[in-house]
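Proteins come first, then strands; the chains are lettered A, B, ... in the order of their sequence lines, and each starts at number 1.
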There are 2 protein chains.
Amino acid sequence: MAENLERTNLPVAAPVHDGRLARGSRTRQALLDAAFFEIYEQGFRSASLNEIIRKAGCTKGSLYHHFPDKHALGLAAVADHMGAHIDQTWIEPLARTDDPLTSIRLIIKRYANEEQGIDPLRGCPFQNLSQEMSGIDKDFQSYFTDLFNRWRGAIAAALARGQAKGTVRKDIDPECVATLVVASHQGITSMIKATQDRNVGQAAATAFFDYLDSLRP
Amino acid sequence: MAENLERTNLPVAAPVHDGRLARGSRTRQALLDAAFFEIYEQGFRSASLNEIIRKAGCTKGSLYHHFPDKHALGLAAVADHMGAHIDQTWIEPLARTDDPLTSIRLIIKRYANEEQGIDPLRGCPFQNLSQEMSGIDKDFQSYFTDLFNRWRGAIAAALARGQAKGTVRKDIDPECVATLVVASHQGITSMIKATQDRNVGQAAATAFFDYLDSLRP
DNA sequence: TAATAAATACCAACTGGTCGGTTTGTATAA
DNA sequence: TTATACAAACCGACCAGTTGGTATTTATTA
């Protein structure tokens, strides 16, 4: 139990009684949460600090007490929410399976069923933000590259394990397939958002699942 | 001939000599071009009208003489540039082939070789804009949906023709595969932009070409 | 008291958009 | 051919509102 807590990246729960630190960390977390959702919906540049402090229920002074500027707030908010999502949704399930193709299929299905806390019509946070910020901000860009590499690496490792266990064809390159899996996932969520039509996702998923099956021995 | 001219929506080519109309349409086109590239690079909301008129070499008054507001300018600029690109790159080549899988492979290769006038590190204009504007603007959204449907429809029709001619497996659903082709293309360009690394595209393309080959009889 | 946290008031810069007025090209008519 | 009338094209100062960010003051608690 203690080990589980240690392994998470989530901040240790603040003490229930009011104190200087507790109050401060609550305000800080409220700012992180509000910033993440505002940035998720509006994008970083269009996200308004005034709206963020309104949602967080605090003032400009508080914000600039906890963060030096908008850039730092955005980066902190993104890291606080997005890394955990990829970890829980992709990396952990893939780490303990010998049949990665089935696992990938299951994960994608969960997105389609909207069990991942992501509204497909609003797009994937990773997708939304990396599209906007890559190429204009080095810090965001390198964070996304790292996250992407962890994501792709976890899929590739699982595929290689599948090859060893006989659940995946041995003549495919795990790295290349892993990259295509991530790209397809991103592309499908992107098309759903672009058309505002969930059926597009169903159609693409049908073909994508056929592709996954073609990777079996 | 007259019929052909009537069918196009393009403005009749402006006379070379200077005249009221010629000057006006040149300014208008300069605004459309400047707006498109500014919007392509910055996104619609972050695109600055002041920057657009600076690039176009005209003034606020000119801009608002030709367009009622930023929204109309953006829509006109996008329609002026993006529809033509999809037509030339995808729809026309696919319309006259009986071997669509080879054609698709060739088109994607041209993107990778940067022969399409698109810098992969800056992303695909369709991708960039549809991500930003879908869900927050009905006009942009329906334009993108239409364009997407034409795009997907052209691929599906070519695939069906391939099935009839024996170059494509008969047990696949052209609509679903076409959707996945578009989604994968979008996803791959998206990942290249996100990581700012062209090699990611190479890896994904390798796996994607294997997928295309798996669709042959 | 000392230090942290939060609130208030404010700033310059920039946003999309407006408006009165000027320039430019063309059609008409003497 | 030249003067006149007119409208399209263009200009740039200006508007109200918003942006991210700052300086100062007040409240809270160890």
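- For the 3.5 Å distance criterion, the side chains of A:Gln186 and A:Ser190 fail to qualify, holding no donor opposite an acceptor.
- Side-chain rings of A:His71 and A:Phe140 approach one another, their centers coming within less than 6.0 Å.
- Straight-line distance from the NE2 atom of B:His65 to the P atom of C:dG25: 14 Å, rounded to whole Å.
- A salt bridge links A:Arg198 with A:Glu114; the closest basic N to acidic carboxylate O contact falls under 4.0 Å.
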B:His85 vs B:Ile118, side-chain contact (heavy atoms from CB on, under 4.5 Å): CA-CA, chis, key distance, verdict: CA-CA 10 Å; B:His85 174 76; B:Ile118 287 182; 3.5 Å; yes

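- Taking atom CG of residue A:Leu73 and atom P of nucleotide D:dT19, one finds them 15 Å apart after rounding to whole Å.
- Heavy atoms of other residues, nucleotides or ligands lying less than 6.0 angstrom from CZ of B:Arg45 number more than 12.
- Proximity note for A:Thr27 (side chain, C-beta onward) versus D:dG21, D:dA8, C:dA6: the nearest is C:dA6.
- Atom C1' of nucleotide D:dG20 and atom CD of A:Glu38 are separated by 14 Å, given to the nearest angstrom.
- Within residues 47-59 of chain A, the residues approached by DNA chain D to less than 4.0 Å at the level of any non-hydrogen atom are A:Ala47, A:Ser48, A:Leu49, A:Asn50, in residue-number order.
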Restricting both atoms to N or O, compile the protein contacts to nucleotides 19-21 of chain C shorter than 3.5 Å, with distance only.
none

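- Distance NE2 (A:His71) to P (D:dG21): 10 Å, rounded to an integer number of Å.
- B:Thr195 and A:Thr145 share no donor-acceptor pair across their side chains, judged by distance under 3.5 Å alone.
- Note: CG (B:Leu63) to C1' (C:dT15) measures 14 Å, nearest angstrom.
- Under the 6.0 Å distance and 45° angle rule, B:Lys70 counts as a cation-pi partner of B:Phe44.
- For B:Arg45 and D:dG17, the CZ to P distance is 22 Å, given to the nearest whole Å.
- For A:His185 and A:Tyr111, the ring centers sit closer than 6.0 Å to each other.
- With a 6.0 Å radius and a threshold of 12 heavy atoms from other residues, nucleotides or ligands, A:Arg161 has its CZ atom above the threshold.
- A:His66 has its NE2 atom 17 Å from the P atom of D:dG21, to the nearest Å.
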